[in-house]
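Here's the structure we're looking at; comments come further down.
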Amino acid sequence: MEKPRELNARKEDFSKWYLQILEKAELVEDRYNVKGFNIIRPWLMEIIDKIYEIWERELKDRGHKKVLFPALIPDKNFELEKEHVEGFAPEVFWIEKAGDKKLERKLALRPTSETSFYSIYPFWIRSYVDLPLKLYQSCSVFRYETKATKPLIRTREFLWIEAHNAFATEKEALNQVKEDMEITKKVYHKLGIPFLFFKRPEWDKFKGSVFTFAADTILPDRKRLQLPSTHYLGQNFSKPFNIKFVDENEKENFVYQTCYGPPISRTVAAIISLHSDDFGLILPFFLSPIQIIIIPILKKGKENEILKYCEKLKKILQDYRVEIDKRDKSVGSKFYDWELKGVPIRIEIGEKELEKNEICLFRRDKREKISVRTEELIEKIKELEKEIEENLKERANKFFEKAILEADTKEELEKKINFGFVKIPFCSRDAGGEKCATELKEICEIAGTLYPEEEKPKNKKCIVCGKEAKVYVYACKSY
């Protein structure tokens, strides 16, 4: 089968290929007439539901409870934590009228929900017995993104999960940050998405936090895509929002807080971008809405026999998500459609398979065909299920390893920055390094220092100011 003419080669023009695959595989509709807002179509929505299910299970297993807060936030909530407000103010969508009446106070469409949750926490937290409080919601958030928008990657409404936690002690809160990173690692290992964890530099941390850790990956165009971030808030929100508890000694204390934000839309973008090819989408077996598609290749006079055999196979494979494609389309068109949508396994059944009691399997990730006896089918599917998952992980990891480079001078950085993350010696990740980061802004952004921490540079100079390098930071081009 030739490469679909509708798809550009991914290596030649990733951006065009990405938009084409979203359209041709019927994943996203971007013709909605509000800029930066897209429609998620059924095939992609089923994939998203499965990702939500995986992530929510990890949260629930660790004691989080699910809630849903209103999408509207009163402006007075934003006024309590100054740094947080200043960070988000340029991105907020404001509602000022209801019908023809002007509202007494403006309402914001949530850009994030710290100020929603924390306005209510004083009512729910009174005593140490109310702690820890670990809540999350799965929802849309809205941000007036001023950069060029790209579906799922950079939009003005996107899907995510946000967890907001309160603890009696700093130690418990810091342990939660580590737990958030463990969840990220577990979920992305399952999805086959490689990443690095960074401690964000002081000038790029979440506004209102003490510090921020974030996972970043690299897409095929060698630009960074930010994935989940987890933030230690300390008492920066509990004090202005008056979130206090009475401890065992009847002493009143402010809680310590964390928040965690897995971006579902960007996770899907990473899966599409890292696993797919010039023929369309490639999906991990467990994630595909249809895991096995059966294509009858009908022969005149044998139609009923072939269709009955297909039904028999569907029954044998009842533990999987299986469909028989009975549409009135050519066999080639059916092959094309399901390759484009990334169905992991295709079964082709025609007169030859009927006579030989054999099954022709097509494996989407490697685009290769395998013949098996009917009685061996279940065993072979189980084998392929594992192989496909491992193959996708291995391919993504090989790509990612090649996207991590090093440079000791600004000139060397300029040569390598278009190929992924570049590890460079730097003067500081604290406020003192912001000036040097600003000087590099035309070339790149600073993702942060690696976590767990690397050894400090020895006899190295900051590539910008020439002072002694105290840390290695990772530079990159970003979405």
Side-chain angles (χ1 to χ4, degrees), residues 1-7 21 24-27 41-47 50 272 275-392 395:
M1 180 177 166
E2 293 182 4
K3 183 174 79 65
R5 283 171 291 177
E6 293 91 338
L7 291 180
I21 204 169
K24 301 298 178 185
E26 297 181 340
L27 304 176
R41 301 187 69 176
W43 188 257
L44 183 57
M45 200 64 232
E46 287 198 48
I47 295 167
K50 288 177 174 56
I272 294 166
H275 294 326
S276 305
D277 63 14
D278 294 349
F279 293 86
L281 197 60
I282 297 178
L283 293 171
F285 194 87
F286 62 88
L287 205 58
S288 185
I290 297 173
Q291 295 171 312
I292 303 165
I293 187 70
I294 300 173
I295 309 286
I297 304 172
L298 300 178
K299 174 86 172 178
K300 195 171 181 181
K302 297 274 187 177
E303 293 93 340
N304 287 338
E305 284 184 74
I306 291 170
L307 287 171
K308 279 182 183 178
Y309 193 49
C310 290
E311 293 289 352
K312 176 186 172 183
L313 293 178
K314 185 178 180 182
K315 194 170 182 181
I316 290 171
L317 296 165
Q318 61 186 334
D319 290 340
Y320 298 98
R321 296 186 291 276
V322 185
E323 295 293 340
I324 301 170
D325 190 344
K326 298 179 182 178
R327 295 177 298 163
D328 186 17
K329 293 184 75 171
S330 71
V331 171
S333 295
K334 293 178 182 182
F335 288 177
Y336 168 80
D337 288 348
W338 297 115
E339 282 197 49
L340 194 58
K341 285 185 176 290
V343 172
I345 294 174
R346 181 174 79 226
I347 292 178
E348 302 168 18
I349 299 296
E351 184 182 25
K352 186 178 74 173
E353 285 74 30
L354 204 62
E355 290 172 355
K356 292 185 175 182
N357 193 32
E358 283 186 351
I359 294 162
C360 178
L361 299 178
F362 175 82
R363 179 174 163 173
R364 174 66 185 88
D365 63 322
K366 289 189 172 182
R367 301 195 72 254
E368 64 182 25
K369 291 189 178 183
I370 309 157
S371 287
V372 297
R373 303 287 296 170
T374 305
E375 58 270 21
E376 299 168 349
L377 179 60
I378 290 289
E379 187 181 338
K380 189 63 181 177
I381 295 294
K382 287 179 180 176
E383 181 185 311
L384 289 177
E385 185 177 349
K386 292 177 184 176
E387 283 184 15
I388 290 168
E389 189 172 332
E390 290 306 311
N391 182 44
L392 294 183
R395 291 199 312 208

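Counting from 1, the numbers follow the sequence of the chain as shown.
The side chain to side chain donor-acceptor pair (under 3.5 Å) check on W43 picks up nothing, with sequence neighbours excluded. Evaluation of the side-chain contact (heavy atoms from CB on, under 4.5 Å) rule for K50 yields E46, L287, R321 as partners, not counting sequence neighbours. In this structure E385 satisfies the side-chain contact (heavy atoms from CB on, under 4.5 Å) test together with F285, Y320, sequence neighbours excluded. In this structure E358 satisfies the salt bridge (charged side-chain N to carboxylate O under 4.0 Å, His left out) test with no other residue, sequence neighbours excluded. Scanning for salt bridge (charged side-chain N to carboxylate O under 4.0 Å, His left out) contacts around K369 gives E348, with sequence neighbours left out. By the side-chain contact (heavy atoms from CB on, under 4.5 Å) test, R395 pairs with I282, D365, N391, L392, sequence neighbours left out. Judged as a salt bridge (charged side-chain N to carboxylate O under 4.0 Å, His left out), and not counting sequence neighbours, E368 has no contacts. For the side chain to side chain donor-acceptor pair (under 3.5 Å) test, residues two or more places apart in sequence or in another chain that qualify with E383 are K380. A search for salt bridge (charged side-chain N to carboxylate O under 4.0 Å, His left out) contacts involving E26 returns K341, not counting sequence neighbours. Applying the side-chain contact (heavy atoms from CB on, under 4.5 Å) test to K352 and every residue at least two apart in sequence or in another chain returns K356.
Using a 4.5 Å heavy-atom threshold, the side chains of I297 and I349 count as separate. Side-chain contact check for F335 versus I295: some heavy-atom pair is nearer than 4.5 Å.
The CG atom of L281 sits 4.0 Å away from the OG atom of S276 when rounded to the nearest 0.5 Å.
Of the charged side-chain nitrogens involved, none lies within less than 4.0 Å of a carboxylate oxygen, so that R367 and D277 do not count as a salt-bridged pair.
Between the side chain of E353 and the backbone N or O of G350, at least one donor-acceptor pair lies under 3.5 Å.
Judged as a side-chain hydrogen bond (donor to acceptor under 3.5 Å, both in side chains), the pairs with a partner in residues 307-316 (not counting sequence neighbours) are, in order, Y309-N357, Y309-T374, E311-K326.
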Show the atom names and distances, to 0.1 Å, of all donor-acceptor pairs under 3.5 Å that link a side chain in residues 299-306 to residues at least two apart or in another chain.
from : atom 1 : to   : atom 2 : distance (Å)
E303 : OE1    : G301 : N      : 2.9

